Amino acid sequence: MSKEAFSVCLYLCSILISVASQILLKLSANKTYSSPIREYLNPYVIVAYGMFFLSTILTMLALRYVPLSSAPVLESMSYILIAVAGYFILHEKLNRRKLLGMLVILAGVFLFNARF
């Protein structure tokens, strides 16, 4: 596996970690807490911010070899992953407009990668 291919996989892993941390923050936000301190210092929030930090480190390592023109295209996959995770984990609704937006993003990713 080339350095570039490994870095793309690393970048996608950092996106998955970021999506998981956003889901944790959403789960935390949906709860009620007895005090403002408990609202911000609970396991979900602490783990989520730790995951954000890990995601940032992985992204910086990956961007050493990922072509900079590809990074925003790969990052757009996070919108799709967040919507799918929200649907399955948080039971959020996906309407036609969201589905159409996800299809446009997927088409853009495939078109961008087809030119190489």
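Owing to the predicted nature of the structure, the values given are computational and were not obtained by experimental measurement. All heavy atoms count here, side chains included; hydrogens, waters and symmetry mates do not.
Summarising the geometry, atom NZ belonging to K3 is positioned 8.0 Å from atom CZ belonging to R64; distances are rounded to the nearest 0.5 Å. Rounded to the nearest 0.5 Å, atoms CZ (R38) and OG1 (T32) are 12.0 Å apart. Distance check: L24 CG to I89 CD1 gives 8.5 Å after rounding to the nearest 0.5 Å. For the atom pair S78 OG and Q22 CD, the distance stands at 7.0 Å (nearest 0.5 Å). Note that CG of L100 is 12.5 Å distant from CG of L94, once rounded to the nearest 0.5 Å.
Linking ILVMFWY residues whenever their side-chain heavy atoms come closer than 4.5 Å, directly or via other members, places M77 and F88 in the same cluster. Hydrophobic clustering of Ile, Leu, Val, Met, Phe, Trp and Tyr side chains at less than 4.5 Å, counting indirect connections, keeps F112 apart from V8. L106 and V73 fall within the same hydrophobic cluster, defined by Ile, Leu, Val, Met, Phe, Trp and Tyr side-chain heavy atoms under 4.5 Å apart, directly or through other members. Tracing side-chain contacts under 4.5 Å through hydrophobic residues (I, L, V, M, F, W, Y), one never reaches L74 starting from V109; they form parts of separate clusters. When the side chains of ILVMFWY residues are joined at heavy-atom separations under 4.5 Å, either directly or via intervening members, L16 and V84 end up in two distinct hydrophobic clusters.
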(request) Determine, stepwise, if the pair E92 / K26 fulfils salt bridge (charged side-chain N to carboxylate O under 4.0 Å, His left out). (result) CA-CA 11 Å; E92 294 178 344; K26 179 73 174 190; 3.8 Å; yes
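The backbone N or O of M51 sits nowhere less than 3.5 Å from a side-chain atom of S55 that would complete a donor-acceptor pair.
Of the candidates L12, L10, I15, L10 is the only one forming a side-chain contact (heavy atoms from CB on, under 4.5 Å) with L58.
When side chains are defined from C-beta on, T59 counts as touching Y11, because their heavy atoms get closer than 4.5 Å. In this structure the side chain of I57 reaches within 4.5 angstrom of the side chain of M60, judged on heavy atoms. Within the 4.5 Å cutoff, the side chain of L27 has heavy atoms near those of the I23 side chain.
Taking both residues in full, the closest heavy atoms of S28 and E39 are given as OG-O, 4.2 Å, listed atom of the first, atom of the second, then distance. Here the shortest heavy-atom pairing between A71 and V66 reads N-CG1, 4.3 Å.
Within a 6.0 Å radius of OH in Y40, no more than 12 heavy atoms belonging to other residues, nucleotides or ligands are found. Around atom CZ of F52, more than 12 heavy atoms belonging to other residues, nucleotides or ligands sit under 6.0 Å away.
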